[in-house]
Amino acid sequence: MSLQRKMVDVVGDRLGLEIFRRDGTGDWIEKRFVGQLLSALEVDCVLDVGANRGQYGEFLRRAGYRGLILSFEPGITPYQELEATARRDGNWHTFNMALGQVDGTLPMNVMKIDVFSSFRAPSVEEDASLSADNQVERVVEVPVARIDGLFEGLMAQHGFARPFLKMDTQGYDLEVLRGAGAAIAKFVGLSSEIAIRRLYKDSPSMLESIAAIVDAGFSFVNLVPVHPDRVLNPLELNSYAVRDDLAR
(Lines give C-alpha, C1' and ligand atoms only; values in the text may rest on other atoms or scores of the structure.)
Protein backbone atom coordinates (compact mmCIF):
# COMPACT_ATOMS: atom_id res chain seq x y z
CA MET A 1 0.00 0.00 0.00
CA SER A 2 1.35 3.44 -0.92
CA LEU A 3 2.01 6.13 1.68
CA GLN A 4 -0.62 8.29 -0.01
CA ARG A 5 -3.24 5.52 0.33
CA LYS A 6 -2.33 4.98 3.97
CA MET A 7 -2.75 8.70 4.70
CA VAL A 8 -6.13 8.73 2.96
CA ASP A 9 -7.25 5.71 5.01
CA VAL A 10 -6.16 7.37 8.27
CA VAL A 11 -8.11 10.53 7.42
CA GLY A 12 -11.13 8.47 6.39
CA ASP A 13 -11.04 6.41 9.60
CA ARG A 14 -10.98 9.56 11.75
CA LEU A 15 -13.93 11.02 9.87
CA GLY A 16 -15.84 7.73 9.71
CA LEU A 17 -15.71 7.80 5.92
CA GLU A 18 -14.53 5.58 3.08
CA ILE A 19 -12.54 7.61 0.53
CA PHE A 20 -11.96 6.27 -2.95
CA ARG A 21 -11.13 7.45 -6.46
CA ARG A 22 -13.75 9.03 -8.68
CA ASP A 23 -13.26 6.29 -11.28
CA GLY A 24 -14.28 3.46 -8.95
CA THR A 25 -15.02 2.23 -5.46
CA GLY A 26 -11.70 0.41 -5.12
CA ASP A 27 -12.12 -2.55 -2.77
CA TRP A 28 -14.66 -0.86 -0.49
CA ILE A 29 -17.57 -3.21 -1.26
CA GLU A 30 -15.47 -6.35 -0.81
CA LYS A 31 -13.73 -4.97 2.26
CA ARG A 32 -17.01 -4.23 4.01
CA PHE A 33 -18.40 -7.64 3.13
CA VAL A 34 -15.30 -9.53 4.28
CA GLY A 35 -15.26 -7.68 7.59
CA GLN A 36 -18.88 -8.62 8.19
CA LEU A 37 -18.36 -12.22 7.06
CA LEU A 38 -15.35 -12.93 9.26
CA SER A 39 -17.13 -11.36 12.23
CA ALA A 40 -20.32 -13.38 11.66
CA LEU A 41 -18.30 -16.59 11.36
CA GLU A 42 -16.23 -15.69 14.45
CA VAL A 43 -13.05 -16.43 12.50
CA ASP A 44 -9.92 -16.53 14.65
CA CYS A 45 -7.37 -17.49 11.97
CA VAL A 46 -7.03 -16.87 8.23
CA LEU A 47 -4.83 -19.21 6.20
CA ASP A 48 -3.65 -16.88 3.45
CA VAL A 49 -2.49 -19.19 0.65
CA GLY A 50 -0.72 -17.44 -2.21
CA ALA A 51 0.10 -14.38 -0.14
CA ASN A 52 2.57 -12.69 -2.52
CA ARG A 53 3.71 -9.51 -0.72
CA GLY A 54 0.94 -9.57 1.86
CA GLN A 55 -1.71 -7.64 -0.04
CA TYR A 56 -4.58 -9.74 1.29
CA GLY A 57 -3.30 -9.62 4.85
CA GLU A 58 -3.23 -5.83 4.69
CA PHE A 59 -6.70 -5.92 3.13
CA LEU A 60 -7.92 -7.99 6.10
CA ARG A 61 -6.58 -5.42 8.53
CA ARG A 62 -8.32 -2.62 6.63
CA ALA A 63 -11.51 -4.71 6.79
CA GLY A 64 -11.28 -4.71 10.59
CA TYR A 65 -10.03 -8.26 11.14
CA ARG A 66 -7.52 -8.31 14.01
CA GLY A 67 -7.11 -12.07 14.44
CA LEU A 68 -4.30 -14.42 13.47
CA ILE A 69 -3.04 -14.57 9.87
CA LEU A 70 -0.90 -17.45 8.58
CA SER A 71 0.48 -16.58 5.14
CA PHE A 72 2.05 -19.00 2.67
CA GLU A 73 4.15 -17.71 -0.23
CA PRO A 74 6.76 -19.77 -2.15
CA GLY A 75 8.36 -16.94 -4.14
CA ILE A 76 11.63 -15.66 -2.67
CA THR A 77 11.36 -11.98 -3.64
CA PRO A 78 7.71 -11.40 -2.65
CA TYR A 79 8.23 -13.46 0.51
CA GLN A 80 10.90 -11.07 1.77
CA GLU A 81 8.42 -8.18 1.61
CA LEU A 82 5.66 -10.34 3.07
CA GLU A 83 7.83 -11.32 6.02
CA ALA A 84 8.80 -7.70 6.73
CA THR A 85 5.16 -6.57 6.63
CA ALA A 86 4.01 -9.41 8.89
CA ARG A 87 6.80 -8.78 11.39
CA ARG A 88 5.47 -5.27 11.99
CA ASP A 89 1.98 -6.63 12.66
CA GLY A 90 2.60 -8.93 15.61
CA ASN A 91 -0.26 -11.38 14.93
CA TRP A 92 0.77 -12.46 11.45
CA HIS A 93 3.09 -15.39 10.70
CA THR A 94 4.62 -16.34 7.36
CA PHE A 95 5.84 -19.51 5.64
CA ASN A 96 8.10 -19.55 2.57
CA MET A 97 6.35 -22.45 0.86
CA ALA A 98 3.38 -23.40 -1.27
CA LEU A 99 0.36 -25.49 -0.37
CA GLY A 100 -1.02 -28.06 -2.77
CA GLN A 101 -2.15 -31.64 -3.28
CA VAL A 102 1.27 -33.25 -2.81
CA ASP A 103 4.13 -33.03 -0.33
CA GLY A 104 7.54 -32.38 -1.84
CA THR A 105 8.91 -29.87 -4.35
CA LEU A 106 7.47 -28.61 -7.62
CA PRO A 107 8.72 -26.32 -10.41
CA MET A 108 7.05 -22.90 -10.26
CA ASN A 109 6.92 -20.46 -13.16
CA VAL A 110 8.11 -17.04 -12.00
CA MET A 111 6.40 -14.51 -14.24
CA LYS A 112 7.56 -11.08 -15.37
CA ILE A 113 5.15 -9.59 -12.81
CA ASP A 114 5.33 -11.97 -9.91
CA VAL A 115 1.70 -11.71 -8.82
CA PHE A 116 1.08 -13.97 -11.83
CA SER A 117 3.63 -16.62 -10.80
CA SER A 118 2.09 -20.08 -10.95
CA PHE A 119 2.64 -23.82 -11.13
CA ARG A 120 0.63 -23.55 -14.36
CA ALA A 121 1.95 -22.35 -17.70
CA PRO A 122 0.41 -19.11 -19.02
CA SER A 123 -2.21 -19.27 -21.75
CA VAL A 124 -3.67 -16.68 -24.14
CA GLU A 125 -6.45 -18.88 -25.54
CA GLU A 126 -9.26 -17.24 -23.56
CA ASP A 127 -7.69 -13.81 -22.90
CA ALA A 128 -4.42 -12.17 -23.97
CA SER A 129 -4.84 -8.78 -22.31
CA LEU A 130 -2.32 -9.54 -19.56
CA SER A 131 0.11 -11.62 -21.61
CA ALA A 132 2.88 -9.00 -21.51
CA ASP A 133 3.07 -9.37 -17.72
CA ASN A 134 2.13 -13.05 -17.50
CA GLN A 135 5.32 -14.35 -19.14
CA VAL A 136 7.67 -16.93 -17.69
CA GLU A 137 11.05 -15.40 -16.80
CA ARG A 138 12.49 -18.39 -14.95
CA VAL A 139 11.49 -21.65 -13.28
CA VAL A 140 12.38 -22.42 -9.66
CA GLU A 141 11.84 -25.44 -7.43
CA VAL A 142 9.73 -24.63 -4.37
CA PRO A 143 8.60 -26.68 -1.35
CA VAL A 144 4.96 -27.78 -1.29
CA ALA A 145 2.91 -29.28 1.53
CA ARG A 146 -0.65 -30.46 2.02
CA ILE A 147 -2.87 -28.58 4.44
CA ASP A 148 -3.96 -31.78 6.15
CA GLY A 149 -0.34 -32.57 6.99
CA LEU A 150 0.18 -29.19 8.65
CA PHE A 151 -3.22 -28.46 10.14
CA GLU A 152 -3.07 -30.20 13.52
CA GLY A 153 0.39 -28.80 14.25
CA LEU A 154 -0.63 -25.26 13.33
CA MET A 155 -3.79 -25.51 15.41
CA ALA A 156 -1.85 -26.81 18.41
CA GLN A 157 0.81 -24.12 18.08
CA HIS A 158 -1.49 -21.14 17.52
CA GLY A 159 -4.63 -22.24 19.35
CA PHE A 160 -7.22 -21.33 16.73
CA ALA A 161 -10.62 -23.02 16.50
CA ARG A 162 -12.49 -21.32 13.63
CA PRO A 163 -10.13 -20.97 10.65
CA PHE A 164 -10.93 -19.43 7.26
CA LEU A 165 -9.11 -20.52 4.08
CA LYS A 166 -8.17 -17.90 1.49
CA MET A 167 -6.72 -19.17 -1.81
CA ASP A 168 -5.23 -17.09 -4.62
CA THR A 169 -2.72 -19.33 -6.38
CA GLN A 170 -3.12 -18.46 -10.07
CA GLY A 171 -4.97 -21.49 -11.36
CA TYR A 172 -3.93 -23.85 -8.55
CA ASP A 173 -6.64 -23.30 -5.92
CA LEU A 174 -8.33 -26.67 -6.40
CA GLU A 175 -5.01 -28.43 -5.74
CA VAL A 176 -4.84 -26.55 -2.44
CA LEU A 177 -8.41 -27.54 -1.67
CA ARG A 178 -7.75 -31.22 -2.41
CA GLY A 179 -4.65 -31.10 -0.22
CA ALA A 180 -6.83 -30.13 2.73
CA GLY A 181 -8.39 -33.60 2.73
CA ALA A 182 -10.68 -34.20 5.70
CA ALA A 183 -9.29 -31.08 7.42
CA ILE A 184 -11.40 -28.92 5.09
CA ALA A 185 -14.37 -29.66 7.36
CA LYS A 186 -12.60 -27.74 10.15
CA PHE A 187 -12.75 -24.49 8.16
CA VAL A 188 -15.78 -22.28 8.72
CA GLY A 189 -15.43 -20.63 5.32
CA LEU A 190 -13.18 -20.08 2.34
CA SER A 191 -12.32 -17.70 -0.47
CA SER A 192 -11.04 -18.75 -3.88
CA GLU A 193 -10.10 -16.76 -6.96
CA ILE A 194 -12.24 -18.21 -9.75
CA ALA A 195 -11.39 -17.64 -13.41
CA ILE A 196 -14.08 -16.49 -15.81
CA ARG A 197 -11.46 -16.38 -18.59
CA ARG A 198 -8.53 -18.65 -17.84
CA LEU A 199 -5.00 -17.23 -17.94
CA TYR A 200 -3.26 -20.60 -17.36
CA LYS A 201 -3.14 -23.93 -19.15
CA ASP A 202 -4.88 -26.84 -17.43
CA SER A 203 -6.49 -24.55 -14.85
CA PRO A 204 -10.11 -25.20 -13.84
CA SER A 205 -13.02 -23.49 -15.51
CA MET A 206 -15.43 -21.35 -13.55
CA LEU A 207 -17.99 -24.17 -13.40
CA GLU A 208 -15.36 -26.72 -12.32
CA SER A 209 -14.22 -24.44 -9.50
CA ILE A 210 -17.74 -23.83 -8.29
CA ALA A 211 -18.58 -27.54 -8.37
CA ALA A 212 -15.43 -28.48 -6.43
CA ILE A 213 -16.15 -25.97 -3.67
CA VAL A 214 -19.78 -27.09 -3.39
CA ASP A 215 -18.69 -30.74 -3.32
CA ALA A 216 -16.28 -29.90 -0.48
CA GLY A 217 -19.27 -28.89 1.65
CA PHE A 218 -19.53 -25.13 1.21
CA SER A 219 -22.27 -22.73 0.12
CA PHE A 220 -21.46 -19.60 -1.85
CA VAL A 221 -22.37 -16.30 -0.23
CA ASN A 222 -20.70 -13.77 -2.57
CA LEU A 223 -18.79 -13.31 -5.83
CA VAL A 224 -16.76 -10.11 -6.30
CA PRO A 225 -15.02 -9.08 -9.55
CA VAL A 226 -11.23 -8.86 -9.22
CA HIS A 227 -11.11 -6.17 -11.91
CA PRO A 228 -14.37 -4.21 -11.46
CA ASP A 229 -13.51 -1.83 -14.31
CA ARG A 230 -13.66 -4.70 -16.83
CA VAL A 231 -17.43 -4.62 -17.26
CA LEU A 232 -17.71 -6.42 -20.60
CA ASN A 233 -14.70 -8.72 -20.35
CA PRO A 234 -14.25 -9.79 -16.72
CA LEU A 235 -11.38 -12.12 -15.94
CA GLU A 236 -11.71 -13.37 -12.37
CA LEU A 237 -13.94 -13.39 -9.33
CA ASN A 238 -13.07 -13.51 -5.65
CA SER A 239 -15.55 -16.07 -4.39
CA TYR A 240 -16.66 -16.44 -0.77
CA ALA A 241 -18.32 -19.54 0.68
CA VAL A 242 -19.27 -20.77 4.14
CA ARG A 243 -19.49 -24.31 5.46
CA ASP A 244 -22.89 -25.79 4.71
CA ASP A 245 -23.90 -26.24 8.34
CA LEU A 246 -23.24 -22.53 8.98
CA ALA A 247 -25.14 -21.20 5.96
CA ARG A 248 -28.37 -19.60 7.09
Side-chain angles (χ1 to χ4, degrees), residues 30 47-56 59 71-79 82 95-147 165-181 184 187 190-216 218 220 222-228 230 233-241:
E30 185 175 5
L47 263 68
D48 172 24
V49 184
N52 197 247
R53 288 170 166 78
Q55 296 94 321
Y56 195 79
F59 167 81
S71 290
F72 296 81
E73 170 55 46
I76 297 298
T77 300
Y79 179 78
L82 167 66
F95 304 83
N96 191 195
M97 62 188 301
L99 298 180
Q101 192 174 3
V102 298
D103 292 313
T105 60
L106 287 174
M108 184 179 74
N109 297 309
V110 179
M111 307 305 184
K112 183 177 179 180
I113 302 297
D114 62 31
V115 294
F116 296 109
S117 295
S118 175
F119 292 114
R120 310 288 191 194
S123 171
V124 296
E125 290 185 10
E126 296 184 12
D127 190 277
S129 62
L130 300 177
S131 60
D133 296 328
N134 194 21
Q135 295 183 24
V136 180
E137 288 206 327
R138 63 187 183 279
V139 178
V140 298
E141 292 285 328
V142 301
V144 184
R146 291 174 57 94
I147 287 177
L165 175 61
K166 168 266 179 182
M167 300 173 288
D168 182 359
T169 59
Q170 307 306 309
Y172 207 69
D173 285 11
L174 295 193
E175 302 298 315
V176 177
L177 184 65
R178 294 179 186 118
I184 195 62
F187 289 86
L190 62 78
S191 174
S192 174
E193 187 178 75
I194 293 178
I196 299 173
R197 291 179 170 85
R198 289 174 285 188
L199 303 179
Y200 301 92
K201 295 178 182 177
D202 302 319
S203 60
S205 69
M206 180 178 177
L207 293 180
E208 288 170 336
S209 295
I210 290 173
I213 291 169
V214 170
D215 288 346
F218 291 82
F220 283 92
N222 208 347
L223 298 169
V224 183
V226 175
H227 308 96
R230 297 183 63 133
N233 59 342
L235 286 178
E236 298 160 323
L237 298 169
N238 284 335
S239 69
Y240 291 90

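Computed from a prediction, not measured in an experiment: that's the story for all the values here. Position 1 is the first residue of the sequence, and the numbers go up from there.
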### Query
Counting only N and O atoms by type, is there a donor-acceptor contact under 3.5 Å from the side chain of T105 to the main-chain atoms of V142?
no
### Query
Is there side-chain contact between I184 and F218, with heavy atoms separated by less than 4.5 Å?
yes
### Query
Yes or no on side-chain contact (heavy atoms from CB on, under 4.5 Å) for Y200 and N109, after CA distance, side-chain angles and deciding distance?
CA-CA 11 Å; Y200 301 92; N109 297 309; over 6 Å; no
### Query
Between atom OH of Y172 and atom CD of Q101, what is the distance when rounded to the nearest 0.5 Å?
7.0 Å
### Query
Do the ring planes of F72 and F95 sit parallel (below 30°), tilted (30 to 60°) or perpendicular (above 60°)?
parallel
### Query
Is there a donor-acceptor pair closer than 3.5 Å between any side-chain N or O of E126 and the backbone N or O of R198?
yes
### Message
Run L165 and I147 through side-chain contact (heavy atoms from CB on, under 4.5 Å) and show every step you take.
### Response
CA-CA 10 Å; L165 175 61; I147 287 177; 3.9 Å; yes
### Message
A side-chain contact here means heavy atoms from C-beta on lying under 4.5 Å apart; do T77 and R53 qualify?
### Response
yes
### Task
Apply salt bridge (charged side-chain N to carboxylate O under 4.0 Å, His left out) to the pair D103 and R146, showing each step before the final yes or no.
CA-CA 6 Å; D103 292 313; R146 291 174 57 94; 5.2 Å; no
### Message
Using 0.5 Å steps for rounding, measure from the CG atom of N134 to the OG atom of S117.
### Response
8.5 Å
### Query
Going by distance alone, is a donor N or O of one side chain under 3.5 Å from an acceptor N or O of the other, for S129 and R230?
yes
### Query
S192 side chain to I194 main-chain N or O, any donor-acceptor pair under 3.5 Å?
no
### Task
Please confirm whether the backbone N or O of P234 pairs with a side-chain atom of R197, one donor and one acceptor, at under 3.5 Å?
yes
#### Entry: Test item: side-chain donor near acceptor, Q170 and D168, under 3.5 Å
yes
### Message
Run L237 and M206 through side-chain contact (heavy atoms from CB on, under 4.5 Å) and show every step you take.
### Response
CA-CA 9 Å; L237 298 169; M206 180 178 177; 3.7 Å; yes
### Query
Is the side chain of E73 donor-acceptor paired with the backbone N or O of N52 at a distance under 3.5 Å, no angle test?
yes
### Query
CD of E193 to OH of Y56: how many Å apart, nearest 0.5 Å?
11.0 Å
### Query
Can you find a pair of side-chain heavy atoms, one from L130 and one from L235, that are under 4.5 Å apart?
yes
### Query
Between L177 and L190, is a side-chain contact (heavy atoms from CB on, under 4.5 Å) present by the stated rule, with each step listed?
CA-CA 10 Å; L177 184 65; L190 62 78; 4.1 Å; yes
